[in-house]
Amino acid sequence: MVNWGTKENPGITLNLEPFDGASCEGAAFEFPDNDKIPVLLRALRKREACDPTDLQVLLADGRSVDAKVYIYEGVNPLGSTISTAKKAEMILKARGTSGSALDYVRRNFEGLHDVGLEDPAVTELWQAVQALRG
């Protein structure tokens, strides 16, 4: 809530949530084994507001590797509990310590597009925001 909104005008974050049978396409990063990994994991823990889950991921070259994946399991998952239209309304009102929720969603939508990925939920949300903005 703090990064992209306030208690009065809460923002949203775009998180992975667990769903049976679901899959996710994205990028995997490999880091050398060294003493900086705990620092990186602490920074990611703070940013993602959850601990990573250890999962096997399938790389584009066909290899399966162990990875740390951030799947939100916090106390405020929105998922399907709130309509896309309501989320869009929240986004247009919210601003937190890291900036506006509108900029956050726009950057995520454009970032996915720039690397050739599309997340239907992010696209639907961005289109709903654009529709409200006129």
**OP:** Side-chain contact test, heavy atoms from C-beta onward, threshold under 4.5 Å: evaluate it for I91 versus L132 and give yes or no.
**Re:**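 SC-SC contact between I91 and L132 ruled out.
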Which atom of [X] lies closest to which atom of [Y], heavy atoms considered:
X    : Y    : value
P52  : K68  : CB-CB, 3.7 Å
N9   : A94  : O-CB, 3.4 Å
G99  : W4   : O-CE3, 3.6 Å
W126 : L102 : CZ3-CD1, 3.7 Å
L125 : A88  : CD1-N, 4.0 Å
L16  : V69  : CD1-CG1, 4.0 Å

Original post:
Checking side-chain contact (heavy atoms from CB on, under 4.5 Å) for the pair L112/E118: CA distance, chi angles, key distance, verdict?
Top reply: CA-CA 6 Å; L112 288 167; E118 182 183 351; over 6 Å; no
Subject >> Distance-only side-chain donor-acceptor flag, S100 / D103, under 3.5 Å >> reply: yes
Original post:
Given the rule in the side-chain contact (heavy atoms from CB on, under 4.5 Å) test, do T6 and R95 qualify, once you have shown the distances and angles that lead to the verdict?
Top reply: CA-CA 7 Å; T6 63; R95 174 174 283 283; over 6 Å; no
Original post:
Passes side-chain contact (heavy atoms from CB on, under 4.5 Å), D66 versus Q56? Steps please.
Top reply: CA-CA 5 Å; D66 293 326; Q56 285 278 306; 2.2 Å; yes
Original post:
Is it true that L58 and Y70 fall in one hydrophobic cluster, defined by side-chain heavy atoms closer than 4.5 Å?
Top reply: no
Original post:
With hydrophobic residues grouped by side-chain heavy-atom distances under 4.5 Å, do L44 and V39 end up in a single group?
Top reply: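 Cluster IDs for L44 and V39 differ.
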**OP:** Please answer whether the main-chain N or O of L14 pairs with a side-chain N or O of Y104 as donor and acceptor at a distance below 3.5 Å.
**Re:** yes
Near [X] [atom1], under 6.0 Å, is it more than 12 heavy atoms from other residues, nucleotides or ligands?
X    : atom1 : value
D20  : CG    : no
E110 : CD    : yes
Q130 : CD    : yes

**OP:** Starting at CE of M90, measure out to CD1 of I82 and round the result to the nearest 0.5 Å.
**Re:**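 One gets 5.0 Å once the value is rounded to the nearest 0.5 Å.
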Original post:
Roughly how far, to the nearest 0.5 Å, is the CD atom of E25 from the CG atom of L117?
Top reply: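 Reported to 0.5 Å precision, the distance equals 5.0 Å.
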**OP:** Determine, for K93 against E89, whether the closest basic-nitrogen to carboxylate-oxygen distance falls under 4.0 angstrom.
**Re:** no
